[in-house]
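The figures that follow rest on heavy atoms only: side chains count, while hydrogens, waters and symmetry mates do not.
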There are 4 protein chains.
Amino acid sequence: MCKEFISAGAFKGNNPAEVVQACDMTFACVSDSTAVKDLVFGNFGVLQGITKGKCYIEMSTIDEDTMQDVAEAINARGGVFLEAPVVGSRVPALEGQLIILASGDRKLFDDCYTCFEAIAKKFLFLGPEIGGATRMKLIVNMIMGTTMASLAEGMAMAEKVGLDQEDVAEVLSLGSLSCPTVIHKSQAILNQKYDPHFPLMHQQKDLRLALLLGDKVEQPLYVASAANELYKKARRLGYADSDIAAVYRAASS
Amino acid sequence: MCKEFISAGAFKGNNPAEVVQACDMTFACVSDSTAVKDLVFGNFGVLQGITKGKCYIEMSTIDEDTMQDVAEAINARGGVFLEAPVVGSRVPALEGQLIILASGDRKLFDDCYTCFEAIAKKFLFLGPEIGGATRMKLIVNMIMGTTMASLAEGMAMAEKVGLDQEDVAEVLSLGSLSCPTVIHKSQAILNQKYDPHFPLMHQQKDLRLALLLGDKVEQPLYVASAANELYKKARRLGYADSDIAAVYRAASS
Amino acid sequence: MCKEFISAGAFKGNNPAEVVQACDMTFACVSDSTAVKDLVFGNFGVLQGITKGKCYIEMSTIDEDTMQDVAEAINARGGVFLEAPVVGSRVPALEGQLIILASGDRKLFDDCYTCFEAIAKKFLFLGPEIGGATRMKLIVNMIMGTTMASLAEGMAMAEKVGLDQEDVAEVLSLGSLSCPTVIHKSQAILNQKYDPHFPLMHQQKDLRLALLLGDKVEQPLYVASAANELYKKARRLGYADSDIAAVYRAASS
Amino acid sequence: MCKEFISAGAFKGNNPAEVVQACDMTFACVSDSTAVKDLVFGNFGVLQGITKGKCYIEMSTIDEDTMQDVAEAINARGGVFLEAPVVGSRVPALEGQLIILASGDRKLFDDCYTCFEAIAKKFLFLGPEIGGATRMKLIVNMIMGTTMASLAEGMAMAEKVGLDQEDVAEVLSLGSLSCPTVIHKSQAILNQKYDPHFPLMHQQKDLRLALLLGDKVEQPLYVASAANELYKKARRLGYADSDIAAVYRAASS
């Protein structure tokens with residue numbers, strides 16, 4: 001895939017530092033905190049390419065502390081930093097319909113306009129404080145994970161009381177909870193198809209991080225913590241790598 | 001309003017028995033179990049008008065036991081019974097966009113086709129066993145109530161971590177949880193407007209009934225039971241008659 | 001056993017009514033609400049023997065509503081009523097070391113002094129209102145059931161993290177939680193001996209009643225409700241008739 | 001106090017390194033992980049005094065990771081390490097009635113016999129793996145914290161249903177849950193005396209660590225996680241520095 005970009009005129013750096021040196025603005029999106037740290041702090045990493053005025057946009061979803069460390073290191077070398085995790089999975093990405101949550105340098109956010117417009121249907125600037133975008137994402141994923149867990153409990157009970165789960169899915173799809181998550185995940189449960197759109201262990205990790213955030217700010221989260229334990233149970237049953245819909249297995253076991 | 005129907009040619013009975021005597025099929029929808037029992041078992045009540053072949057369609061949302069009692073009494077006098085609670089609140093009702101969940105006599109369900117079509121966008125027959133439609137409704141409301149409670153926890157945490165709740169509402173409205181409940185209730189929280197579309201004490205009652213149903217069939221419901229306790233807290237804070245969105249007050253207190 | 005009493009001079013009535021007619025004060029203790037209602041309201045039942053001034057002491061543990069019904073019926077015939085459930089199981093009963101919780105007629109409570117002294121180490125008068133003693137018992141059993149559930153979670157985790165459960169039991173028996181419940185139930189878990197001292201389904205029923213009481217008085221019970229769901233899970237796994245210690249099976253599954 | 005030891009013949013080192021150099025076995029017990037790290041890894045710290053065969057016994061209660069780091073550093077310099085946190089608070093300490101939980105070097109554990117005997121009524125060796133003693137302590141404190149939270153819910157409900165909390169405390173003190181925690185903490189609630197025997201924020205921290213341990217080993221902890229949220233609520237209400245009994249304030253709010 002890299003070849004296509006090159007044949008279209010793109011420059012290929014031999015390492016992260018070279019890429020950053022060649023560009024005014026660099027966008028990065030990798031899998032997790034470890035990958036981010038390797039990329040930024042490693043040999044010939046991003047940091048070695050940062051000079052005064054260089055812009056770095058971190059789009060990975062990682063923990064707040066690592067995000068802070070990266071931001072500080074970039075800023076210390078005179079660089080400009082934007083935290084910009086995305087909401088949305090494969091399909092919205094392919095269709096340029098992601099949502100971008102951003103925190104950090106406001107001017108850089110504005111300068112990203114045309115780039116963001118190409119991949120997202122919406123981008124929000126949440127303020128200059130690093131961490132804000134990550135906190136937003138944790139809250140949104142906490143609500144999603146809890147709703148998923150509740151759907152799982154409902155579908156499990158439906159079976160126990162002798163209702164047809166297809167009927168439950170249909171009623172839900174017609175009512176006031178009708179949304180992509182409820183529609184797709186109730187189908188996943190019906191069809192027992194748990195191929196990972198969003199892996200369960202990532203959902204549980206996000207719930208854990210959201211609960212620890214609640215701990216930090218003294219916000220009790222009774223419902224989310226119960227959901228979190230149900231996801232732990234699903235992991236125990238062997239569904240860590242399955243889709244979040246597999247939390248149904250924990251609810252129905 | 002009754003006058004308009006009469007001037008349009010409708011017959012007005014002096015009591016429930018008279019109405020049932022005059023009609024082949026009678027539809028009833030009142031507020032709660034007590035009202036249902038008065039209507040059916042009271043003096044000059046429905047039961048006194050039931051003779052062989054008379055059809056009675058109970059559209060009230062009540063507990064399963066009362067529904068059984070009514071069905072048995074109607075059947076014992078030779079009547080035909082259909083349990084048919086509706087999903088949807090004021091606006092769908094006005095627009096003829098309700099969802100009807102039905103259990104009981106299949107032929108009667110089919111005979112209701114044109115009547116149901118006038119008020120509902122969808123009607124499902126869930127089987128001959130009385131109670132099935134009520135159980136379906138409890139499950140759907142359990143998922144709704146838990147999702148609402150999770151939304152409340154998320155909005156409460158947003159405030160605690162310094163995010164703008166309007167931003168959370170916007171992100172949710174754009175993402176995979178975008179549905180009428182999430183959209184309208186996050187607005188209600190934002191605007192602190194808790195006028196009752198669905199009163200909180202009814203939601204909590206439905207959660208209690210769903211949990212007791214889970215108890216009966218040995219289905220643990222960890223997430224729903226945590227949500228139920230949060231609604232109890234909201235009642236304690238004085239929000240029994242407010243909209244379910246007021247569970248936010250319990251989450252943020 | 002009845003024979004021994006008779007040979008010692010006791011009178012044997014042919015039915016409850018005869019017993020009550022022959023005595024100033026009658027003590028009753030049977031298994032559940034149904035048995036209580038049969039005994040009191042049945043043919044030749046207690047109620048038929050009650051005349052002005054007759055004293056009736058109900059020591060069964062039953063629901064508050066049935067207790068109220070019995071009290072009202074006794075009082076309506078001029079009888080005097082005392083609600084007096086006991087705390088303690090087989091061994092304390094044999095040793096005369098029960099605890100009696102009483103509500104109702106204060107004078108009757110005082111008159112029971114010598115009788116209560118023979119079977120209990122302690123008896124408390126909780127006020128004239130019928131239901132108070134039952135509420136006290138539900139609260140005490142709620143704390144017991146939740147502590148048992150927590151012990152089960154701790155023992156389950158001990159096994160998961162590679163600790164010897166015997167060591168956990170020993171440390172608990174030496175520390176500030178050292179009490180008969182913690183000591184005996186951790187031994188039961190260790191030895192996987194779940195013969196019923198207090199059947200799990202009764203514990204779960206008491207938790208359910210305690211949660212409904214909390215519902216009535218708007219008292220959220222987050223911890224007890226989580227424990228209740230764990231007991232439901234244990235019932236689902238087939239341990240309804242086992243000892244409460246079998247909730248460990250739910251925690252470790 | 002140090003003076004008394006010196007006049008009794010003790011050697012006083014000018015820094016941790018000197019103390020370790022002068023002794024075969026050094027016992028340390030400080031407040032938290034930060035203090036432990038300063039003591040061991042700081043300038044003129046413990047580590048600089050460790051040579052082949054020196055024994056170091058860490059009695060502080062800290063997180064498992066720090067414990068591992070210290071053990072590895074001591075071992076790497078040829079030292080011998082024992083992890084030995086204690087169970088018990090002020091009074092047992094003064095009376096030499098602590099419980100010592102130990103992991104690490106078995107021979108060193110045996111060599112500590114006379115020292116341990118002087119301060120503890122019981123000491124258990126839990127195996128060679130570092131972390132085991134800490135895990136045991138977390139499990140024991142998790143059960144304690146959950147029992148305390150349940151007691152708080154029970155006492156809160158007692159007040160709501162019109163029972164005298166003194167009566168509840170008395171019944172509990174006579175029944176099968178009669179233990180120092182239940183007896184003392186119900187008195188603390190009664191008297192609203194929350195001076196810290198065990199500070200609430202430490203209990204909540206221990207619950208958090210226990211839940212994270214459960215997360216690591218895939219052990220769902222529904223009851224403990226509900227208790228944890230209640231302690232967060234108590235912190236929010238301003239009781240972080242109060243005794244754990246102040247969780248009652250969260251339960252009754």
All heavy atoms of Ser178(A) vs all of Pro180(B), minimum pair found to be O-CD, 4.2 Å
Residue among [options] with most heavy-atom pairs under 4.5 Å to chain B:
options	answer
Ile143(A), Val217(A), Asp167(A)	Ile143(A)
Leu174(A), Asp164(A), Leu151(A), Val87(A)	Leu174(A)
Glu129(A), Glu153(A), Gln219(A)	Glu153(A)

For residues 246-253 of chain A against chain B, heavy atoms under 4.5 Å, the residues are Ala251(A)
What option among [options] has the most heavy-atom pairs under 4.5 Å with chain A?
options	result
Leu98(B), Leu126(B), Leu213(B)	Leu213(B)
Thr146(B), Val182(B), Leu163(B)	Leu163(B)
Leu230(B), Ile139(B), Asn228(B)	Ile139(B)
Gln97(B), Lys216(B), Glu218(B), Met142(B)	Met142(B)
Ala149(B), Ala227(B), Ala156(B)	Ala156(B)
Ala158(B), Ser176(B), Ala226(B)	Ser176(B)

Which bit of [X] comes within less than 4.5 Å of chain B, counting heavy atoms only: side chain, backbone, both or neither?
X	answer
Leu101(A)	side chain
Thr147(A)	both
Ala152(A)	neither
Lys160(A)	both
Glu170(A)	side chain

Is it the backbone or the side chain of [X] that comes under 4.5 Å from a heavy atom of chain A, or both, or neither?
X	value
Leu124(B)	side chain
Ile99(B)	side chain
Lys121(B)	side chain

**OP:** Assess whether atom CD of Glu166(B) is packed by more than 12 heavy atoms of other residues, nucleotides or ligands within 6.0 Å.
**Re:** no
message = When you compare the side chain of Leu172(A) with that of Val140(B), does any pair of heavy atoms fall below 4.5 Å?
response =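 Touching, per the 4.5 Å side-chain cut-off.
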